[in-house]
There are 2 protein chains.
Amino acid sequence: MLKEERQHAILNEVELHNKVLLTDLADKLNVSVDTVRRDVKELDEENLLVKVHGGAVSLGFANHSPQRNNVYALDKKVAIAKKAIALLRNNSVILIDGGTTCLELAKLLPTNLKLTCFTISLPVAMELLRKPNVETIFIGGTLSRDSQISMGPSAIHALSEIKVDYSFIGTGYVDTEFGLTEFDWDVVQTKKAVINASKKAVLLCISEKLNSQHRFKTCSLNVINTMITELEPWDTKLTPFKNQNTQIL
Amino acid sequence: MLKEERQHAILNEVELHNKVLLTDLADKLNVSVDTVRRDVKELDEENLLVKVHGGAVSLGFANHSPQRNNVYALDKKVAIAKKAIALLRNNSVILIDGGTTCLELAKLLPTNLKLTCFTISLPVAMELLRKPNVETIFIGGTLSRDSQISMGPSAIHALSEIKVDYSFIGTGYVDTEFGLTEFDWDVVQTKKAVINASKKAVLLCISEKLNSQHRFKTCSLNVINTMITELEPWDTKLTPFKNQNTQIL
DNA sequence: AATATATTTGCATTTAATTGCAGTTTTAGA
DNA sequence: TCTAAAACTGCAATTAAATGCAAATATATT
């Protein structure tokens, strides 16, 4: 039996039942478990199914909801959030963007810290409501299905009417030359408004996003007052960013 | 049984009933309570549900404990939500209030129905984002910690600028004489704005709230175009409400 | 067709993940 | 405050995954 043929059969099986056990497949296809495992691994790498411990599930069945990937690089995000929190004082007025790093910031806010927090992110808002000393104001707008943030003209207009002490923002990509960039045009427009709504913009960014870029530009690096990564400020990976007038924490 | 499969089943169960006991899950899935506990812990870390002592609750019902009867009368709320959905047409523009009955409405919206939905409720917004054919607009404002809705002047102002086909609202108390009443002053102000933001106001209200009142008045009954309860319209409990010019479903 | 080369497959071994259980600590609710 | 139920911890047994290697099979080239 050809590999091609076998993988086709595996895909059919997965599509049909949404889940498959490697042992069942091996049995049905008369090959060893190792072989099906390798097949499934390949199919997974081609994003045709999702490999899980003991078997595979169809793409539709897999839980890759917007919230799902949160666990990724959590320790780094926690480190970043802690540095960001050190900037805050009682009665600070801040604005928190969407994204998993910003969500981590919201989660880790000390319960005794008195704050006024604006946000455009639904998950961040949920977290903020759990903090007894935080007054939370949600910036309304059209909600984006995958990033779960307010966007569009009404969000941008609402943002144009505020000026907070700090905005904490995330970004898809950052580069010394191209600055902050994103995959999505609407997101860029919204982030611009977020940055303009603050006296100081603080970028929260895990180091693996450094030196990467995409289609649309949010702003140049020099618009960012402070950049926080999980690295020590003297880490060599950060040296290209030191020529800018952005503080690095 | 695959772990993925089990976690999927757990999520389904939580979505369906809003709450779930670990012991019940263990029983149903034929695994130990420890295993279920570990699964639920993972799902919680991925923000797909909220783990609580003894079980788990859906994201919308966070803050409530599973044993406590805050999610009570679910079947009645489902019945009400279904009647409300029957009013909707493709391309309807609606506004959904907070509260558990309205949340149930959001959950049960058919996935093929094209809608534009405004809402002031964080949990409702979360649910709406899961509907592929619903455009969701969140009305910004100061968030209330316990009701998880936008309130205050900016929410009221934003509401003053829209006029949707239907608003679906909940209430704390309702009475033929005093109309709709609430415990909280700010909530009343917001609900007034919600009602004004719609051509037709639809009250979703389980029968046990009938003939009860509290401090602050939202509006008289005759401001409400349609009142939906879980009862049949000819039920004797509804007779006192029939003298009004409110349609009863 | 024959040979050389590359790929695929199965097996043994090591490594890692999952699960249930027992004992202890913590929690919720009376 | 007290008590029963639930959560956590460490542990052992089971099961799956990864790795290296040799045999088998497929592919390409002459």
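Note that this is a predicted model, so its numbers are computed, not measured. Letters A, B, ... mirror the listed sequences (proteins, then strands); counts begin at 1.
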Q: Between D:dA16, C:dT9, C:dC21, spot the one nearest the side chain of A:H53, thanks.
A: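 Between D:dA16, C:dT9, C:dC21, the one nearest the side chain of A:H53 would be D:dA16.
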(Q) As a test of reading the structure: which of C:dT19, C:dA22, C:dT9 is closest to the side chain of A:R38, going by heavy atoms? (A)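 Closest nucleotide among those given: C:dT9.
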(Q) Show me the pairs that pass salt bridge (charged side-chain N to carboxylate O under 4.0 Å, His left out) and involve residues 83-102 of chain A, at least two apart or across chains. (A)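 Residue pairs passing salt bridge (charged side-chain N to carboxylate O under 4.0 Å, His left out), neighbours aside: A:D97-A:K191.
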**Q.** Residue-level proximity of residues 25-32 of chain B to DNA chain C when a heavy atom falls under 4.0 Å
**A.**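 DNA chain C contact set from residues 25-32 of chain B: B:V31, B:S32.
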Q | Set of residues satisfying ring-ring contact (aromatic ring centres under 6.0 Å, His included) with respect to B:F216, sequence neighbours excluded | A |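 Partners of B:F216 by the ring-ring contact (aromatic ring centres under 6.0 Å, His included) criterion, ordered by chain and then number, come out as B:W185.
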Q: Report the residues that fulfil ring-ring contact (aromatic ring centres under 6.0 Å, His included) with B:F183, sequence neighbours left out, ordered by chain and then residue number.
A: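 B:F183: ring-ring contact (aromatic ring centres under 6.0 Å, His included) contacts with B:H214.
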Q.
Between the base of C:dG10 and the side chain of A:R37, is there a donor and acceptor pair under 3.5 angstrom?
A.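 It does not, because no donor-acceptor pair links the side chain of A:R37 to the base of C:dG10 below 3.5 Å.
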Given atom [atom1] of [X] and atom [atom2] of [N], what is their separation to the nearest angstrom?
{"X": "A:E5", "N": "D:dA26", "atom1": "CD", "atom2": "P", "value": "11 Å"}
{"X": "A:D34", "N": "C:dT14", "atom1": "CG", "atom2": "P", "value": "16 Å"}
{"X": "A:L21", "N": "C:dT18", "atom1": "CG", "atom2": "P", "value": "15 Å"}
{"X": "A:L22", "N": "C:dT18", "atom1": "CG", "atom2": "P", "value": "14 Å"}
{"X": "B:D44", "N": "D:dA6", "atom1": "CG", "atom2": "C1'", "value": "16 Å"}
{"X": "A:E45", "N": "D:dA18", "atom1": "CD", "atom2": "C1'", "value": "13 Å"}
{"X": "A:E42", "N": "C:dT7", "atom1": "CD", "atom2": "P", "value": "12 Å"}
{"X": "A:E4", "N": "D:dA26", "atom1": "CD", "atom2": "P", "value": "14 Å"}

Q: Answer yes or no: does a side-chain N or O of A:R6 lie under 4.0 Å from OP1 or OP2 of C:dT9?
A: yes
Q. Hey, is the side chain of A:K51 poking within less than 4.0 Å of OP1 or OP2 on D:dA17, counting only N and O atoms?
A. yes
Q) Which residue lies toward the 5' end of DNA chain D, B:T23 or A:T23, if each is placed at its nearest nucleotide? A)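 Between the two, 5'-proximity favours B:T23.
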Q.
Going by the rule side-chain contact (heavy atoms from CB on, under 4.5 Å), which residues pair with A:L113 if we only count those two or more places apart in sequence or in a different chain?
A.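 A:L88, A:N90, A:P110, A:L115.
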Q) Among all residues two or more places apart in sequence or in another chain, which pass the side-chain contact (heavy atoms from CB on, under 4.5 Å) test with A:A84? A) A:L105, A:F168, A:L204, A:I228
Q) With a 4.5 Å limit on heavy-atom distance, are the side chains of A:V31 and A:V36 in contact? A)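 With C-beta onward as the side chain, the pair touches.
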Q.
Using side-chain heavy atoms (C-beta onward) and a distance below 4.5 Å, is B:L128 in contact with B:V124?
A.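 Yes, close enough: below the 4.5 Å cut-off.
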Q: Select base, sugar-phosphate, or nothing to describe what B:V36 touches, counting heavy atoms under 4.0 Å on all strands.
A: nothing
